[in-house]
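What follows is one structure encoded as structure tokens, with my remarks underneath.
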Amino acid sequence: MTQEIKLEEIFQSRIDNGEKIEPKDWMPEKYRKTHIRQISQHAHSEIVGMLPEGNWITRAPSLKRKCCLLAKVQDEAGHGLYLYSAAETLGITRDEMTEQLLSGKAKYSSIFNYPTLSWADIGAIGWLVDGAAIINQVMLTRTSFGPYARAMVRICKEESFHQRQGYEIMLGLAQGTQAQKDMAQDALNRFWWPSLMMFGPRDEDSPNTAQSMKWKIKRKTNDELRQQFIDITAPQADYLGLTIPDPALKWNEERGHYDYGEIDWEEFWQVVKGNGPCNKERIDARQKAWDDGEWVRDAAMAYANKKAANRNESKTGS
Amino acid sequence: MTNKKEWPVWEVFIRSKNGLEHRHVGSLHATDAEMAIENARDVYTRRMEGVSIWVVQSKDIVASNPEKMGELFEPAADKVYRHPTFYNLPVELKHI
């Protein structure tokens, strides 16, 4: 036991010195578990996040928009794969993570439980949802666990195109006909509040924050990140000539930040608990992909084994 | 457990351009080497990040033990005379 405490002290001093932790280093069990949970949920979010956007690939309004959206959705798949790999370095298998997603044991970002009803939603997602994700992910490039930080660096490099393509869609609509402007405003109305919820509960309702800050898993609190997002995004909405659906949103000269209204936390917890508009649809889609892909996974493995066996046979034969 | 059916893990190394070394970029699952290279192309070089890919099964990599870090690497720490700055030469001396 004293041995364990000593190791924890050494571990904490390494973190305090700004050292990175690598997979084979000693780490407290809770550090390992927290990372498996956080990284796998982040990975699941990337994968489930492909669904609402994939919904519009066949209906993109032009070939250019279709190419951009395809590339973006493919990136999300890639991001999921970087993150699953990072989590696997901690000793959980890919299949275990998939099982946890499908059984509901592992969560993913609640934002993807909202439907994409119009093309403008693709713009709003790129602008707001990817925008919020970038704020969080830029912070995570400095997180203490090496493989997670490295995956984040790669993801952040790619993510800025996502946000810019989203904003460009919004810009096109905002400068278009009245019907197009209305569509853009409607998308903003529906995605604004869920985007703010992406940063998680208020600091006072986030019991894990203190430990995560101490281990430098997080470097800023939920409310700090949320404020940062609002401060960046409000002027971008003004530029579009769209109105953020929050009557309390107002620049506060004294604080040097925007003030904003109360988030509907009841809605947040409902969606987290599985009662959002699309929770069931999303998991059903992942379950179907997993089940339908089973024979492909098995056949590919059987083929590789057979090829390897043939190679060995011809080697021993000669 | 479905675990047994899981595709093997491969480590991926990419040369970003000729003249530079291959660098480790991450890992992925694939049934064989050929698929590992194809998957690495899709996962790690979507933006022309590479001109050459190496893949090796993770289980074939032998790694040093972090707990033996001291005995492996500390002997180098007190050998400052291996660095050029250890040697005191007059400042007016050029090209050395």
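Not measured: the values here are computed from a predicted model. Throughout, a chain's letter reflects where its sequence line sits, starting with A, and its residues are numbered from 1.
Within the 4.5 angstrom heavy-atom criterion, only side-chain atoms of V9(B), from C-beta onward, approach chain A. When heavy atoms are compared at a cutoff of 4.5 Å, M69(B) does not approach chain A at all. Residue R150(A) does not touch chain B at all, counting heavy-atom pairs closer than 4.5 Å.
Contact of the R47(B) side chain with the E158(A) side chain is registered, since non-hydrogen atoms from C-beta on lie closer than 4.5 Å.
If you take CH2 on W7(B) and CZ on R94(A), they are separated by 10.0 Å, rounding to the nearest 0.5 Å. Atom CG of D32(B) and atom NZ of K307(A) lie 4.0 Å apart (nearest 0.5 Å).
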*Could you go step by step and tell me if Y303(A) and M35(B) meet the side chain to side chain contact (heavy atoms under 4.5 Å, CB included) rule?*
CA-CA 12 Å; Y303(A) 176 68; M35(B) 189 199 277; over 6 Å; no

*Any chance you could lay out the salt bridge (charged side-chain N to carboxylate O under 4.0 Å, His left out) test for R297(A) and E6(B), step after step, and finish with the verdict?*
CA-CA 8 Å; R297(A) 294 192 298 276; E6(B) 204 169 275; over 6 Å; no

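Interface residues of residues 64-85 of chain A toward chain B, defined by a heavy-atom distance below 4.5 Å and sorted by number: Q74(A), D75(A), G78(A), H79(A), L81(A), Y82(A), S85(A).
Summarising the local packing, NZ of K79(B) is surrounded by more than 12 heavy atoms from other residues, nucleotides or ligands at distances under 6.0 Å. Heavy atoms of other residues, nucleotides or ligands lying less than 6.0 angstrom from CD1 of I61(B) number more than 12. No more than 12 heavy atoms of other residues, nucleotides or ligands lie within 6.0 Å of CZ in R23(B), so this atom counts as exposed by the packing criterion.
Heavy-atom pairs under 4.5 Å with chain A were tallied for E49(B), E67(B), H29(B); the largest tally goes to H29(B).
Of all the heavy atoms in D25(A) and P66(B), the pair that sits closest is OD1-CB, 3.5 Å.
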